[in-house]
Number of protein chains: 2
Amino acid sequence: MDSRRQEHLWKPETVRSTISDVARRAGVSTATVSRVMNRSGRVHPATAERVRSAVQALGYTPHLAARRLMQQRTNAIGLISAEIGGPYYAALLRGIEEVTARERCALLILSISSLNYEDMDMALPLGEHNTDGLLIFTNSLPDDIVTRLHLRGHPMVMLHRTPPSGVAIPHIHVANQSGAYAAVSHLLVAHERRRIVLLRGPDGNEDAFEREQGYHRAHFDCGVEVAPELLVQGDFSEEVAQASITELLRRGVVFDAIFAADDESAYGAVAALRAAGRRLPEDVAIVGFDDVPLSRHLTPALTTVAAPIQAIGRLATELLLDQIQQGTPERLEERKLVLETQLVVRRSCGCTASSSE
Amino acid sequence: MDSRRQEHLWKPETVRSTISDVARRAGVSTATVSRVMNRSGRVHPATAERVRSAVQALGYTPHLAARRLMQQRTNAIGLISAEIGGPYYAALLRGIEEVTARERCALLILSISSLNYEDMDMALPLGEHNTDGLLIFTNSLPDDIVTRLHLRGHPMVMLHRTPPSGVAIPHIHVANQSGAYAAVSHLLVAHERRRIVLLRGPDGNEDAFEREQGYHRAHFDCGVEVAPELLVQGDFSEEVAQASITELLRRGVVFDAIFAADDESAYGAVAALRAAGRRLPEDVAIVGFDDVPLSRHLTPALTTVAAPIQAIGRLATELLLDQIQQGTPERLEERKLVLETQLVVRRSCGCTASSSE
DNA sequence: CCGATAGGTGTAAGCGCTTACATTTTCCAT
DNA sequence: ATGGAAAATGTAAGCGCTTACACCTATCGG
C-alpha cells in the first residue's frame with residue numbers, strides 16, 4: 001500500500017478537513033474558528049493568526065451546505081434557463097453579469113434541457129438551498145414548481161413568461177406585438193410586399209404568440225388578407241425555419257417577403273432562399289426579430305426588431321436583488337414590465353444603406 | 001393584518017415546511033418520511049400514501065443542503081467557466097448536455113467573469129457542497145483552489161488547461177500547434193502568401209501559445225522569415241482584433257494574409273479590412289481557428305481550423321462521470337487527451353468553392 | 001480593594017436531513 | 001396456539017457549521 005503511494009505523484013487521500021480539525025490544530029474551539037472565518041465577533045489577533053495558519057496548513061474550506069443550513073444568505077442568485085448557448089442568451093447574460101459583478105454576488109446557472117428535467121422527479125438543483133433568488137427564463141419549469149418556490153418565499157423574477165395566475169412574481173417582457181407590427185407594416189407599406197410568410201415561433205410561447213398577433217394586426221390595418229399557407233413553423237430555430245422555407249419553395253408557394261419571429265429562424269430562411277437561388281432582398285425581403293449581435297454581420301445585413309436584451313438581463317437582476325434585500329415590495333403583483341422594441345432597418349428588407357454599419 | 005391579506009391575492013407567508021412538519025401531519029416519524037422520499041427501506045403502502053399526501057398538502061420539498069450534508073451524491077455536476085455566451089461556448093455546452101441528459105444528472109454552471117470572483121474571498125459557490133464533480137473551463141480560477149478541491153477528493157476535469165504541476169487531474173486539449181501549422185502552411189504554400197499577420201490570443205492562454213508556435217513552425221519549415229510587426233494582439237476578441245488590424249492599416253504595414261488565433265478575432269479582422277475597402281480574399285487572405293457554427297455563414301465563408309468542440313464537451317463530461325462513479329481510476333495522471341483538429345478550407349483563404357456549403 | 005465593564009473564548013443547541021440500530025407489529029409454519 | 005423470521009416503524013446520533021449564552025479574565029474608576 002505504502003509503496004504504491006510512492007508510484008504515483010499524489011493520489012489524494014481525500015482529506016477534507018472540517019472546522020473541528022482546524023479548531024483542534026489551533027487549540028481553540030470551533031466557535032472561535034467560525035468567528036475568524038466570518039470576521040464576526042471579536043477574536044484576539046494572536047488567536048486569529050493561529051487559526052488562520054491552521055486553516056492554511058489544513059487547506060480548510062468551509063462546507064457551504066452546512067453553512068447554508070444556519071445562515072440565510074448565499075450571496076448567489078440562480079438562473080434557470082433552457083436554450084443556453086444561443087446568441088440571444090449571450091446578450092442576456094451580459095446584462096445579468098453586469099449587475100452581479102457590481103453587486104458582488106455569484107451567478108449559478110441551471111440549464112434545463114427539456115429532456116433533462118421533465119421526467120426525473122429529483123429536486124431542483126437550484127433553489128433556496130444554494131441561492132438567494134431565482135431568475136426564471138424557461139417554459140420547461142412547470143408552473144407548480146414556480147408556485148411552490150414562491151410560496152416558500154423564495155424571491156424570483158420571470159423573463160418572457162407570465163407567472164401562474166394568482167402568483168405575484170415580477171416579470172419582464174418586450175413589446176412583441178408592436179415590434180412585429182412595425183416590422184410587418186414596413187414590409188407592407190414601404191416595400192409594398194403583399195405575400196409575407198410568417199415563420200412562427202414555438203407553440204405555447206408567449207413571445208411567439210404576441211409577435212404573430214402583431215403580424216396579423218399589421219395586415220388587418222393595411223387591409224391585406226393573410227393567406228393561410230404563408231403561416232409556417234420556424235420554432236425559433238435555424239434548422240426548422242430552413243426546412244419550412246425549403247418546403248414552401250418546393251410546393252411552389254408564391255411569396256415576396258418573410259417575417260421571421262426571431263433572428264435565428266431568419267438565418268435559416270436566408271440559407272434556404274440562397275440555396276434556391278432567390279435574390280435577397282429583391283425577390284424576397286426578410287425581417288427578423290431580436291437583433292442579436294450577429295444580425296448586423298449577415299449578408300445582406302438583417303433588418304430586424306431590436307429587443308433590449310441586455311437591458312432585460314440587467315433589469316431582471318436588479319429587480320431580483322431588490323426583492324432579496326428589501327423583502328417583498330408593496331404591490332408587487334403589478335410588477336409587469338414591458339420594454340420597448342425598435343425596428344432596425346438594414347438591407348434585408350430592401351432598404352438601401354443605412355447609418356448602421 | 002388579516003384584512004390586508006385579503007387585499008392582495010396571495011402574499012406568501014413564507015411557510016417552508018420541514019420533514020418534521022410532514023411527519024407530524026402524517027402521524028409518523030421523520031425516518032419514515034425520509035424513507036418514502038428516497039424510496040429507501042420498506043414502508044407500508046398505506047403509510048407511504050399518507051406521507052405522500054402530507055407532502056402534497058404542505059408543498060414540502062426537501063432541503064438539498066441538509067440532504068447533501070448526509071448523503072454523498074448530488075446528482076449534479078458543475079461547470080466553472082468564464083466567457084459564457086460566445087459561440088464556442090454554445091457548441092461545448094451542447095456536447096456536455098448531450099451526456100448529462102443521457103446520464104440524468106443536472107448541470108450547474110458558474111460564470112466567473114473576471115471581475116466577479118478575483119477579489120472577493122468568498123467560497124466558491126460551486127463545489128463539494130452542491131456538485132459531485134467539476135468541469136473547469138477557465139483560467140481565472142486560481143491554481144490553489146483547483147489543488148485544494150483535488151486534495152479534498154472532488155472529481156474534476158480541466159478543459160484547455162493543464163492542471164497545476166503534481167496534481168493529477170484529467171485534462172483535454174485540442175491539437176493547437178498542428179492545426180495552426182496546417183492553416184499557416186496552407187497560406188504559405190497553396191496561396192504563396194508571405195506576409196501573414198498573426199492575431200495572437202490572450203497572453204498566458206495555453207491554446208494561444210501553442211497556436212502561435214504552430215504559426216512560427218510553419219514559417220520556419222517554409223524558410224520564411226516572420227516580420228515582428230505582423231504579430232499583433234487579437235485576444236480572442238472581435239473588438240480587439242478589429243482595432244489591431246485597423247491600426248496596422250493606419251500604420252501602412254503591408255500584409256497579404258491573416259491567421260487569426262480564433263474565429264472571433266477573424267470576424268474583427270474582416271470588419272476592419274472591409275471598412276478599409278480591402279478585398280477578401282484577393283488582397284488579404286484570412287484563416288481562423290475553431291470553426292464555430294457561424295463561420296460557415298460569413299461572407300466570404302471562413303477557412304478555419306475545426307476544433308471538435310462538441311466532442312470535447314462530451315468527452316470531458318464522460319470522463320468526469322467515470323471518475324465520480326468509479327472513483328479515481330488508475331494511472332489517472334496520464335490522462336491528458338489531445339483531440340485532433342482539421343483545416344476546413346472555404347473561401348476566405350482564396351480557395352474557390354468547396355464541398356461545404 | 002471591589003464591583004463593574006468589556007474583551008476573549010468555550011459550551012451546546014440547533015439548522016433539516018439520513019440511517020444504523022432498536023423496537024414493535026405482523027404473519028406464517030409448526 | 002406459538003416461536004420466530006420478516007416487515008414496519010421509531011429512536012437518536014450525527015453531517016459541518018453558526019450563534020446565543022455563559023464564563024473567565026484583565027482593566028479601571030471610585
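Straight-line distance from the CD1 atom of A/Ile19 to the P atom of C/dA12: 17 Å, rounded to whole Å. B/Arg42 has its CZ atom 17 Å from the C1' atom of D/dG10, to the nearest Å. Between B/Met37 atom CE and C/dT18 atom P the separation is 8 Å, expressed in whole Å. One atom, OH of B/Tyr60, and another, C1' of C/dG16, lie 7 Å apart when rounded to the nearest Å. Going from atom CG of B/Asn130 over to atom P of D/dG16 covers 16 Å, rounded to whole Å. Rounded to whole Å, atom P of D/dC15 lies 13 Å from atom CZ of A/Arg16. The NE2 atom of A/His129 sits 17 Å away from the C1' atom of C/dT18 (whole-angstrom rounding). When the P atom of D/dT9 is taken as reference, atom CZ of B/Arg50 falls 7 Å away, rounded to whole Å.
With B/Arg161 contributing its side chain and B/Thr138 its backbone, the two residues share a donor-acceptor pair below 3.5 Å.
Relative ring orientation between B/Tyr88 and B/His160 is described as perpendicular, the plane-to-plane angle rising above 60° on a 0-90° scale split at 30° and 60°.
In this structure, of D/dT9, D/dT18, C/dG16, it is C/dG16 that holds the atom nearest to the side chain of B/Thr18.
Using modelled atom types and a 3.5 Å distance limit, the side chains of A/Thr147 and A/Asp143 yield no donor-acceptor pair. If you check the side chains of B/Thr74 and B/Asp132, you find a donor sitting under 3.5 Å from an acceptor.
Summary of the strand contacts: B/His44 and A/Leu69 both lie near DNA chain D, and taking for each the nucleotide with the nearest heavy atom, the more 5' one is attributed to B/His44. The residue among B/Ala66 and B/Gly41 whose nearest nucleotide of DNA chain D is located toward the 5' end is B/Gly41.
Between D/dT9 and B/Thr47, a contact under 4.0 Å exists linking OP1 or OP2 to a side-chain N or O.
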> How would nucleotides 19-25 of chain D be written as a contact map, 5' to 3', with B for base contact, S for sugar-phosphate-only contact and - for no contact, using protein heavy atoms under 4.0 Å?
Replying inline: BB-----

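Taking NE2 of A/His154 as the start and CZ of A/Arg148 as the end, the distance is 14.0 Å to the nearest 0.5 Å.
Between B/Gln310 and B/Glu98, some side-chain heavy-atom pair lies under the 4.5 Å cut-off.
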Would you list the atom pairs, donor with acceptor, under 3.5 Å between side chains in residues 41-57 of chain B and any protein atom, with sequence neighbours excluded?
residue: B/Glu49; atom: OE1; partner: B/Arg52; partner atom: NH1; Å: 3.0
residue: B/Arg50; atom: NH1; partner: B/Ala26; partner atom: O; Å: 2.6
residue: B/Ser53; atom: OG; partner: B/Arg50; partner atom: O; Å: 3.0

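Counting any heavy atom pair closer than 4.0 Å across all strands shown, A/Arg67 reaches sugar-phosphate atoms only and no base atom.
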